[in-house]
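Contents: one structure, followed by commentary.
The structure displayed is predicted, hence computed values, not measured ones. One-based numbering along the sequence shown.
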Amino acid sequence: KFIVSALGGVSIPLGDFADSDSSNAEAGAAETGYNLGVAIEYGVTDQILIGGRFAYKRFGVDGNLLQAVGSDTLAYDAHWSIIEYFGVYCKYLMLPTSQTRPYLSAGGFIGTGELTVDNVPTDSWSGRSDVSLGVSAAVGLIHMVSSRIGIGLEGRLSNLFLSGSDSFED
């Protein structure tokens, strides 16, 4: 059976991606953001699903880092965008017949990261990474409100590996 899911939630940056220390060349200064996406899953068995997903994640940028590198912090709108163009994963349902179903998920994706600074004194600026590989792992719960409709809660760690930087994390 196939399952189509709409995705959305809060994205919290971690590691160098969240670091706003101007002495760290890998600092991304990302702030908490949001994510949106869609997933399609196929039930191989009652407990194992395989799926594909597309996701867009957007994070603010800490103005202190921009100020430290010389940007006019009064005249900018800066943000990071992380795009998972295509992700594949496997999901294991621990209690497949229960009304509330805990699960584990792991997979990989192809994506890109982009930093955009709009309305700086001279012009807008944007820098995009090459398309890179990433990995993700998740733990979650699905509560079935009917035989065909469920509401889920998931914690997912995604790591996009970029050249010239250790990674972007969220």
Closest contact, heavy atoms only, Val131 versus Ile110
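Looks like CG1-CG2, 3.0 Å.
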Phe109 and Gly87: which non-hydrogen atoms are nearest, and at how many Å?
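The answer is CB-CA, 3.5 Å.
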Validation row: [X], [Y] side chains within 4.5 angstrom (heavy atoms):
X      : Y      : answer
Leu160 : Val135 : no
Leu93  : Leu49  : yes
Arg53  : Val38  : no
Thr32  : Ser11  : no
Gln47  : Tyr92  : yes
Val10  : Tyr34  : no

Under 3.5 Å donor-acceptor pairs involving side-chain atoms of residues 137-148, not counting sequence neighbours:
{"residue": "His143", "atom": "ND1", "partner": "Thr100", "partner atom": "OG1", "Å": "2.8"}
{"residue": "Ser146", "atom": "OG", "partner": "Arg148", "partner atom": "N", "Å": "3.3"}
{"residue": "Ser146", "atom": "OG", "partner": "Ile149", "partner atom": "N", "Å": "3.2"}

Contacts of type side-chain hydrogen bond (donor to acceptor under 3.5 Å, both in side chains), residue [X], not counting sequence neighbours:
X      : answer
Ser105 : none
Glu154 : Tyr103, Arg156
Tyr56  : Ser81

Between Phe17 and Phe59, ring centroids under 6.0 Å
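Distance test on ring centres: under 6.0 Å, yes.
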Which residues satisfy the side chain to side chain contact (heavy atoms under 4.5 Å, CB included) test with Tyr42, sequence neighbours excluded?
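Phe2, Val44, Ile50.
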Taking only residues two or more places apart in sequence, or in another chain, which ones meet Thr97 in a side chain to side chain contact (heavy atoms under 4.5 Å, CB included)?
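Side chain to side chain contact (heavy atoms under 4.5 Å, CB included) list for Thr97, sorted by chain: empty.
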Please go through Tyr89's hydrophobic cluster and name the other residues, only I, L, V, M, F, W, Y counting, with side-chain heavy atoms under 4.5 Å joining them.
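Once heavy-atom contacts under 4.5 Å are chained together, Tyr89 still belongs with nothing else.
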Flag, side chain of Trp80 to backbone of Gly28, donor-acceptor distance under 3.5 Å:
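Flag set: sc Trp80 to bb Gly28 pair under 3.5 Å.
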Straight-line distance of [X] [atom1] to [Y] [atom2], nearest 0.5 Å:
X     : Y      : atom1 : atom2 : answer
Phe54 : Ile40  : CZ    : CD1   : 12.5 Å
Leu14 : Asn159 : CG    : CG    : 9.5 Å
Glu84 : Ser136 : CD    : OG    : 6.0 Å

What residues, two or more places apart in sequence or in another chain, satisfy salt bridge (charged side-chain N to carboxylate O under 4.0 Å, His left out) together with Arg101?
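None.
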According to the salt bridge (charged side-chain N to carboxylate O under 4.0 Å, His left out) rule, which pairs have a member within residues 29-42, sequence neighbours left out?
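Found Glu41-Lys91.
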Looking at residues at least two apart in the chain, or sitting in another chain, which of them share a ring-ring contact (aromatic ring centres under 6.0 Å, His included) with Tyr85?
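By the ring-ring contact (aromatic ring centres under 6.0 Å, His included) rule, Tyr85 matches no residue at all.
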Do you reckon Leu133 sits in the same ILVMFWY cluster as Ile83, going by side-chain contacts under 4.5 Å, direct or chained?
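In one cluster: yes.
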